[in-house]
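Just so it is clear, the structure is predicted and the values come from calculations on it, not from any experiment. Note on naming: letters A, B, ... go to the chains in the order of the sequence lines (proteins, then strands), and numbering restarts at 1 for each one.
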There are 2 protein chains.
Amino acid sequence: MRRERADAARNREAVLAAAARLFAERGDPERVSMDDIAAAAGVGKGTLFRRFGDRTGLIRALIEQRTEELRTAVAEGPPPLGPGAPARERVLALLDALLTFKLDHRPLTLALENAGVGSPYRNETYSVLHTQLAALLTEARKPLSDDADFLAHAMLAAVRADLVDHLSGNGMPEERMRAGLAALCDAVIEA
Amino acid sequence: MRRERADAARNREAVLAAAARLFAERGDPERVSMDDIAAAAGVGKGTLFRRFGDRTGLIRALIEQRTEELRTAVAEGPPPLGPGAPARERVLALLDALLTFKLDHRPLTLALENAGVGSPYRNETYSVLHTQLAALLTEARKPLSDDADFLAHAMLAAVRADLVDHLSGNGMPEERMRAGLAALCDAVIEA
DNA sequence: CAATATACGGACCGCCAGTCCGCTTAGCAA
DNA sequence: TTGCTAAGCGGACTGGCGGTCCGTATATTG
């Protein structure tokens, strides 16, 4: 397996950057076509599809790229998000970070989770986060931890991009969401 | 406003039935085109669009139709789902009924929640259920009930069709989901 | 039975994801 | 530097989709 050619690498970055920009600019991911992305990246359509396979592949690549920072912050960053803090604090920190991320990049995360990518659950980032969260829950609430797996899914579902978007759009202020999320964490960990 | 013409009513039912059947038959909602539905219903494409406006409208109509039974069971059926039982039992009953519904009609509910309908939150059924659930939560946990609104959203998110589908597909048995859901209810209501 | 508002249906349109293939070029070896 | 070739490039092209349009048919009413 040869090294990636320089022009290929350049184009790859250009495409990802253009896609992120377009998704962010127009609110609705459905209004961003592959042609748009190719044009904005200054690249031919063939190139784009050669790199990413299809629309889903491109969006998945975007997910990985955009969440890498978050993922490493959780895995090896400073507390309370990273290792070191007590589990229950890390749980809240993790969910809060996710909420912040989705609030800060609403249109983009909407695209990443929904844009006809089939299941939003079929990507590496989700399963990594879920595994971490489930482990933290098990640590934080020693008894009853058979349910940690499901509960972790449920808690992640509480910060899904479309839900956050819906709440935002209907006027729920950010602090209400944070408070609700904190209440959820407390509740789940107390039990 | 005149009464609906007989042929129109007949076609309306035929289209809804055909759509439900097709969504259920093929697993993936994206593999059901409007032409398919029109053909299966024995109806012209124009008729279909005249009735429902667009794809989203058709799917919304399907949602309302298919969840009516559930909605009335909650609003005026026998306990524990309907009025009469203590709030905490009704909360669990409601979520459990939703889970059952989505397990029993996986492909259809997947289509209803996801099939490019924009937000799954923009439909009457969701907001009715959310309102009910939030009220029940407020009743069941008198203090801290500022968060009832958000918590109700979170709990409904825990039984979203694509999550249930993902868990099912990855081998989580039904009882594990029910147990997890029960744990979630307990946790939220205890707090 | 006549009049007409309403509904019907399928040809048609523009758009989009994805393919194909002849052309270009980066990278390497001599 | 030069020549070779695997890799990459791009945009015309295709099939199929959601949605529209409008001439035709029919349910309903008086």
- Task: Classify the side chain of B:K45 versus the base of C:dA11 as yes if they form a donor-acceptor pair under 3.5 Å and no if they do not.
- Result: no
- Message: Please compare B:D35 and B:R10 by the position of their nearest nucleotide in DNA chain D and report the one closer to 5'.
- Response: B:D35
- Message: Mind checking if A:R51 touches a base, just sugar-phosphate, or nothing, with heavy atoms under 4.0 Å?
- Response: sugar-phosphate
- Report the residue from B:R26, B:K45, B:R55 that forms a salt bridge (Lys or Arg N to Asp or Glu O under 4.0 Å) with B:D36. B:R26
- Query: Hey, are A:K102 and A:E113 close enough for a salt bridge, meaning a charged N less than 4.0 Å from a carboxylate O?
  - Reply: yes
- B:R55 has its side chain closest, among D:dG18, C:dA17, C:dA26, to D:dG18
- Query: Is the number of heavy atoms from other residues, nucleotides or ligands within 6.0 Å of CD (B:E69) greater than 12?
  - Reply: no
- Query: For B:F52 and D:dG18, what is the distance between atoms CZ and P respectively, to the nearest whole Å?
  - Reply: 15 Å
- Query: Do the side-chain N or O atoms of A:N11 get closer than 4.0 angstrom to the phosphate oxygens (OP1, OP2) of D:dC9?
  - Reply: yes
- In whole angstrom, what separates B:I37's CD1 from D:dC17's C1'? 12 Å
- Message: Tell me the interatomic distance from B:R12, atom CZ, to C:dC8, atom P, rounded to whole angstroms.
- Response: 12 Å
- Query: Within this structure, what is the CZ-to-C1' distance between A:R3 and D:dG8, rounded to whole angstrom?
  - Reply: 15 Å
- Once you round it to whole Å, what is the distance between C1' of D:dA12 and CZ of A:F49? 14 Å
- For residues B:M172 and A:F150, determine if any side-chain heavy atom of one lies less than 4.5 Å from a side-chain heavy atom of the other. yes
- Note on the structure: Sorted by position of nearest nucleotide on DNA chain C, 5' first, the leading residue of A:R5 and B:R50 is B:R50
- Task: Check the distance between D:dC9's C1' and A:E4's CD and give it to me in whole angstrom.
- Result: 14 Å
- Below 4.0 angstrom from OP1 or OP2 of C:dA7, is there any side-chain N or O of B:T47? no
- Given DNA chain D, 5'-ward residue of the pair B:D7 and B:D36, judged by closest heavy atom: B:D36
- Message: Could you check whether A:R60 pairs with A:E124 (Lys NZ or Arg NE/NH1/NH2 to Asp/Glu carboxylate O, under 4.0 Å)?
- Response: no
- Quick one: on DNA chain C, does A:M34 or B:A9 contact a more 5' nucleotide (nearest heavy atom)? B:A9
- Message: In this structure, how many angstroms lie between the C1' atom of C:dG18 and the CG atom of A:L48, rounded?
- Response: 11 Å
- Task: State which of C:dG9, C:dA26, D:dG18 makes the closest approach to the side chain of B:V43.
- Result: C:dG9
